[in-house]
Amino acid sequence: MTGKLGKCMTLDRFLAQCQKKHPQASGELTRVLMQLSTVAKIIASYARRAALLGIKGLTGKTNVQGEAVEKLDRLSNDAFIEAFEYVDIVGAIVSEEMKAPMLLHSGNGQKKYVVLVDPLDGSSNLEVDCVTGSIFSIRNFGSARQEDILHEGAQQVGAGYIMYGTSILFVYSVGDGVHSFVLDEEIGEFVLDHENIHMPDRGKIISSNFGNRLRWAEPARVFADSLIRDSDHAYSLRYSGALVADLHQILHHGGIYFYPEDDRRPAGKLRLLYECAPLAMIAEQAGGLASTGRMRVMEICPDSIHQRIPFAIGSKYEITEYEKAYARESTT
Ligand code: AHG
Ligand code: MN
Ligand code: MN
């Protein structure tokens, strides 16, 4: 049974307490977050039991991005869709695994939010029982038309991620700091782990796919080389293949994750709406930054729902240095 000194601050209790500070709040965002936390438990149980249930491996299909779809990508996507069938205030869902936004509750006038998801982040890790995650973004709903969804990240009303690792974590922000919860499997509830996480202003983690180093855009290469050469401040490389897990370490220890544009992917790899923008909100709410190298991620106005961008996220010091490397390139 959970209970540091007998206290058990579950996610729903924490949200109720936060809601009291905002008497005008309707509780609708709380309902969305609680559904997301239920999805977290469902996907966690799939991930834990994937080998036993025979749900590892590929479906044989490719998604709209041309990437191979894992069975767990499909099941996780279905878990998110199902959740919002029970929340009539969610009007549409956008997902990495679906070509177009899916309209929900078409006959209902109550629609308030659109939820954008990467249902399973780092899904290829699952094949070998390594860590995976989910990422979500909550925005105001206009309609399920793309033009009503394509707004800058600064307009998100909430964002977060779920990590399926040694513990199951639910990390979110609705603009009042970043809070993390750990699943207590004995009582089936997410319990407060860290309130108001603050990312160190400078860290020791560098996280990127160095196998691509020779293909990276020049400023990313220059930045990485100069960081590693800093003899007064040693960096450690950590790269898991799941952005959620890499960011989670950086949230606590500081440092930088970057996936820059390269000669095979001139626009970068990661998707703006359901990977980069929500994690950028988390980073900024924790005192960090997120950038393409040339601009703040939260200010990018998307041109399509599956748009990719070059992406760097982490502590103030490292992201500022990363941007300086890009600025130097444009002046030479
Ligand atoms: P997804 O599984 O949702 O497609 O995301 C994978 C992403 C990200 O989580 C990870 O950091 C990166 O792709 C890994 O890419 P490389 O294997 O190219 O390094
Ligand atoms: Mn992903
Ligand atoms: Mn994914």
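Order of appearance sets the numbers: ligands from 1, and atoms from 1 within every ligand. Hydrogens, waters and symmetry mates are skipped; everything else that's a heavy atom, side chains included, is used.
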Quiz item: So which protein heavy atom does atom 2 (O) of ligand 1 come closest to, and at what separation?
Solution: G122 N, 2.8 Å
Quiz item: For ligand 1, is there an N or O atom under 3.5 Å from any N or O atom of D246?
Solution: no
Quiz item: Among protein atoms, how many N/O/S atoms lie less than 2.8 Å from the Mn ion (ligand 2)?
Solution: 3
Quiz item: Is a side-chain donor or acceptor of D121 paired with a backbone partner of S134 at a separation under 3.5 angstrom?
Solution: no
Quiz prompt | Contacting atoms of ligand 1, where contact means under 4.0 angstrom from a heavy atom of L120 | solution = 2 (O), 3 (O)
Self-check item: Other cluster members, F223 - Ile/Leu/Val/Met/Phe/Trp/Tyr, side-chain contacts below 4.5 Å
Solution: I206, F210, W216, L227, I228, Y235, L237, I256, F258, L289, Y317, I319, Y322, Y326
Quiz item: Just which atoms of ligand 1 are under 4.0 Å from any heavy atom in D118?
Solution: 3 (O)
Practice problem: Please check if any side-chain donor atom of N212 sits under 3.5 Å from a side-chain acceptor atom of R265, or the reverse. | Solution: no
Self-check item: H198 side chain vs G288 backbone, donor-acceptor pair below 3.5 Å
Solution: no
Quiz prompt | Heavy-atom side-chain proximity of R271 to C276 below 4.5 angstrom | solution = no
Practice problem: Among all protein heavy atoms, pick the one closest to atom 14 (C) of ligand 1 and tell me residue, atom and distance. | Solution: Y239 OH, 3.2 Å
Quiz item: Do N125 and T132 have a side chain donor and acceptor closer than 3.5 Å?
Solution: no
Exercise. Could you tell me whether S124 and ligand 1 have an N or O pair separated by under 3.5 Å?
Key: no
Quiz item: Under 3.5 Å, is there a donor-acceptor pair between the side chain of S315 and the main chain of P200?
Solution: yes
Quiz item: Are any side-chain N or O atoms of E127 and backbone N or O atoms of G57, one a donor and one an acceptor, separated by less than 3.5 Å?
Solution: yes
Practice problem: Please state whether the rings of Y239 and Y257 are parallel, tilted or perpendicular, taking 30° and 60° as the class boundaries. | Solution: parallel
Quiz item: Do F170 and H179 have ring centres separated by under 6.0 Å?
Solution: no
Quiz item: Going by the atom numbers of ligand 1, which of them fall below 4.0 Å from some non-hydrogen atom of E96?
Solution: 3 (O), 4 (O)
Practice problem: Could you see which bit of D121 sits under 4.0 Å from ligand 1, with heavy atoms only: side chain, backbone, both or neither? | Solution: both
Quiz item: Which of the numbered atoms in ligand 1 are below 4.0 angstrom from a heavy atom of A242?
Solution: 9 (O)
Quiz item: Atoms of ligand 1 less than 4.0 Å from E275 heavy atoms?
Solution: 3 (O), 5 (O)
Exercise. List every atom of ligand 1 that sits less than 4.0 Å from any heavy atom of N209, numbering the atoms from 1 in the order shown and giving each element.
Key: 16 (P), 18 (O), 19 (O)
Quiz item: Is there any N or O on S123 that sits under 3.5 Å from an N or O of ligand 1?
Solution: yes
Self-check item: S173 side chain vs I282 backbone, donor-acceptor pair below 3.5 Å
Solution: no
Quiz item: For ligand 1, which atoms sit closer than 4.0 Å to a heavy atom of K269?
Solution: 12 (C), 13 (O), 14 (C), 15 (O), 16 (P), 18 (O)
Quiz item: Nearest protein heavy-atom contact for atom 10 (C) of ligand 1: which residue, which atom, what distance?
Solution: G241 O, 3.5 Å
Self-check item: Backbone of Q156 reached by a side-chain donor or acceptor of H151 within 3.5 Å
Solution: no
Practice problem: Look at atom 18 (O) of ligand 1 and say which protein heavy atom is nearest, naming residue and atom and giving the distance to 0.1 Å. | Solution: Y259 OH, 2.6 Å
Quiz prompt | Option whose closest heavy atom lies nearest to atom 7 (C) of ligand 1, chosen from D73, L270, L243 | solution = L270
Quiz item: Can you tell me which residue and heavy atom of the protein come closest to atom 11 (O) of ligand 1, and the distance to 0.1 Å?
Solution: Y257 OH, 2.7 Å
Quiz item: How about K316: does its NZ atom have over 12 heavy atoms from other parts shown lying under 6.0 Å from it?
Solution: no
Quiz item: Is a side-chain donor-acceptor pair under 3.5 Å present for S95 with E97?
Solution: no
Quiz item: Among R294, K324, R221, which one satisfies salt bridge (Lys or Arg N to Asp or Glu O under 4.0 Å) with E329?
Solution: R294
Quiz item: For R271 and ligand 1, does the shortest N/O to N/O distance drop below 3.5 Å?
Solution: yes
